[in-house]
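Notes to accompany the following structure.
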Amino acid sequence: MAEQSTIGKTPLVKILGRPGSATAYAIRDYLHRSDVPFEWIQLSSDEQARMQAGVDHLQDPRLPVCIFADGTRIECPSLRQITEKLGWFRSPLHSEYDLAIYGAGPAGLSAAVYGASEGLTTVLIERFAVGGQAGSSSKIENYLGFPNGISGADLAERAREQANRFGAEILLAREGVRGEFADGKGIGYLADGTKIVARSAICATGVSYRRLGVPHEEHYFGAGLYYGAGASEAKLVKDQHVIVVGGGNSAGQAALHFAPLASRVSLVIRGDTLKKTLSQYLIERIYSTPNVEVLARTAVTRLVGENCLQEVVLKHRDTGEERTIKSHWLFACIGGEPHTQWAEEVGIVRDEAGYLVTGPDLIRAGQRPAHWPLDRDPYYLETSVPGMFAAGDVRHGSVKRCASAVGEGAMAVAFVHRYLAQG
Ligand SMILES: Cc1cc2nc3c(=O)[nH]c(=O)nc-3n(C[C@H](O)[C@H](O)[C@H](O)COP(=O)(O)OP(=O)(O)OC[C@H]3O[C@@H](n4cnc5c(N)ncnc54)[C@H](O)[C@@H]3O)c2cc1C
């Protein structure tokens, strides 16, 4: 079985692997989000594994094997190895930056475009691929200027190119894990030990997908269970039953994206109706797509299968009635949560859910936040540490939309200028 992405482009990478391989899924997802055309060759027997991938059998730990256009073969590669092979892995060029941005979703990419184009030495650090949550969306339909919609991966790739053109440095497959503030500078420590020193910083790390909270969930990740809309997987679900969990726009979009190929799509929602949580245009499309069913007041309670997902057990929240669906495809689009423990460690004010509190929201009963050292209020989008800003979904009170994340990224840069000029 062979599948191609991105359609119509010559594949730059061939991935050969066994079905239900979490590593192969991570590679497909990474390449898809990075807009790199690839070919997925699913091996289904020991003989195929020997003949096509040059390994001993289907369970060989050297799978998946990636073969690049120049003939380079890498067995079971890490995302960092792939990034290096694509020529995207680089070390920071400067010992100090005007602006360090963490997270290359819409907010971070926008901040990078504005920061670099306005003359700031700018570095953008991303732990995975560019695009963030938006990069996982098959089609963003409400983004200004694209009347027919645009895929998240395409939007992200355009923004990456634009940021590059203005001279922003982009460090991919690098995760910020810890921060420090001293002498008016921020020091960001990356997971691989790299240190980034900057006079100002923007946290645009967005949110990570929330888990379903069912037993042995991790076991099925990438082997039948996927978080987000699974844009890289759409072509693989042909004639199969797909389950999407979630009542928000991202779940609705995912259901409609799978419907043309899948035999059936079950959209599992906690509430009574889609009306409260979904945009009207999506509701209308869902109810007029014959092979999409909405299972209201229902939750996933159990996942079944040895090496990969075989069955999903659902339970009605009122009647307790259980129903088992045979499916290898479960997509959880149930929102996200911010990962801002690093901020707590350095005393940055967060709300109860972990979102970073900024600007006017930091003023309580007319008082500035504790330990605020300056004789001015925090700027809009500035956190409780001067010079450290937050933009997009990670920010307390943010709107959770692409356009607003992009707007906040641009706006944060305006305050960065003010901070660098006046303190
Ligand atoms: C499937 C789906 C469909 C959607 N469709 C729409 C739509 O049609 N219209 C719309 O307006 N909105 C849509 N949204 C919402 C929109 O995508 C988000 O509001 C937007 O992406 C938020 O942007 P952001 O930059 O704030 O954060 P994110 O997009 O979450 O990006 C954050 C980035 O930070 C990175 N990161 C996290 N931690 C670290 C770290 N420690 N170090 C380095 N990098 C880190 C992440 O890997 C990620 O790339 C959709 C969301 C999803 C999931």
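For the numbers below, each heavy atom of this structure counts, side chains included, while hydrogens, waters and symmetry mates do not. All of these numbers come straight from a predicted model, not from anything done at the bench. Each ligand, and each atom within it, is numbered from 1 in the order the structure gives.
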Notebook entry, point to check: Looking at atom 43 (C) of ligand 1, would you say a protein heavy atom lies below 4.0 Å from it?
Noted result: yes
Item checked: Short N-O contact, K85 and D70, less than 4.0 angstrom -> yes
Next item on the list: Classify the angle between the aromatic ring planes of W329 and Y226 as parallel (below 30°), tilted (30 to 60°) or perpendicular (above 60°).
Entry: parallel
Margin query: Out of T205, L171, L282, who is nearest to atom 38 (N) of ligand 1 when you count heavy atoms only?
Written below: T205
Check: Could any protein non-hydrogen atom be found less than 4.0 Å from atom 12 (N) of ligand 1?
Finding: yes
Notebook entry, point to check: Heavy-atom distance to atom 23 (O) of ligand 1: which of G108, G228, P106, G392 wins?
Noted result: P106
Checklist line | Region of A204 that comes within reach of ligand 1 [heavy atoms, distance under 4.0 Å] | finding: backbone
Notebook entry, point to check: Ion pair present between E382 and R418, side-chain N to carboxylate O less than 4.0 angstrom?
Noted result: no
Item checked: Protein non-hydrogen atom found under 4.0 Å from atom 2 (C) of ligand 1 -> yes
Checklist line | Side chains of R174 and F89 in contact at under 4.5 Å (non-hydrogen atoms) | finding: yes
Note to self: At less than 4.0 angstrom from any non-hydrogen atom of G103, what atoms of ligand 1 do you find?
What the structure shows: 33 (C), 34 (O), 35 (C), 44 (N)
Checklist line | G176 N/O under 3.5 Å from ligand 1 N/O | finding: yes
Next item on the list: Please indicate whether any nitrogen or oxygen in Y102 is less than 3.5 Å from any nitrogen or oxygen in ligand 1.
Entry: no
Item checked: Charged N-O contact under 4.0 Å between D192 and R80 -> yes
Notebook entry, point to check: Any salt bridge between E344 and R350, counting N to O under 4.0 Å?
Noted result: yes
Margin query: Counting only heavy atoms, tell me which of E126, Q253, R33 gets closest to atom 33 (C) of ligand 1.
Written below: E126
Notebook entry, point to check: Counting only N and O atoms by type, is there a donor-acceptor contact under 3.5 Å from the side chain of S250 to the main-chain atoms of G248?
Noted result: no
Notebook entry, point to check: For ligand 1, is any non-hydrogen atom under 4.0 Å from N142's backbone (N, CA, C, O), its side chain (CB onward), both, or neither?
Noted result: side chain
Next item on the list: Could you name the option among G206, A403, A156 that has the heavy atom nearest to atom 27 (O) of ligand 1?
Entry: G206
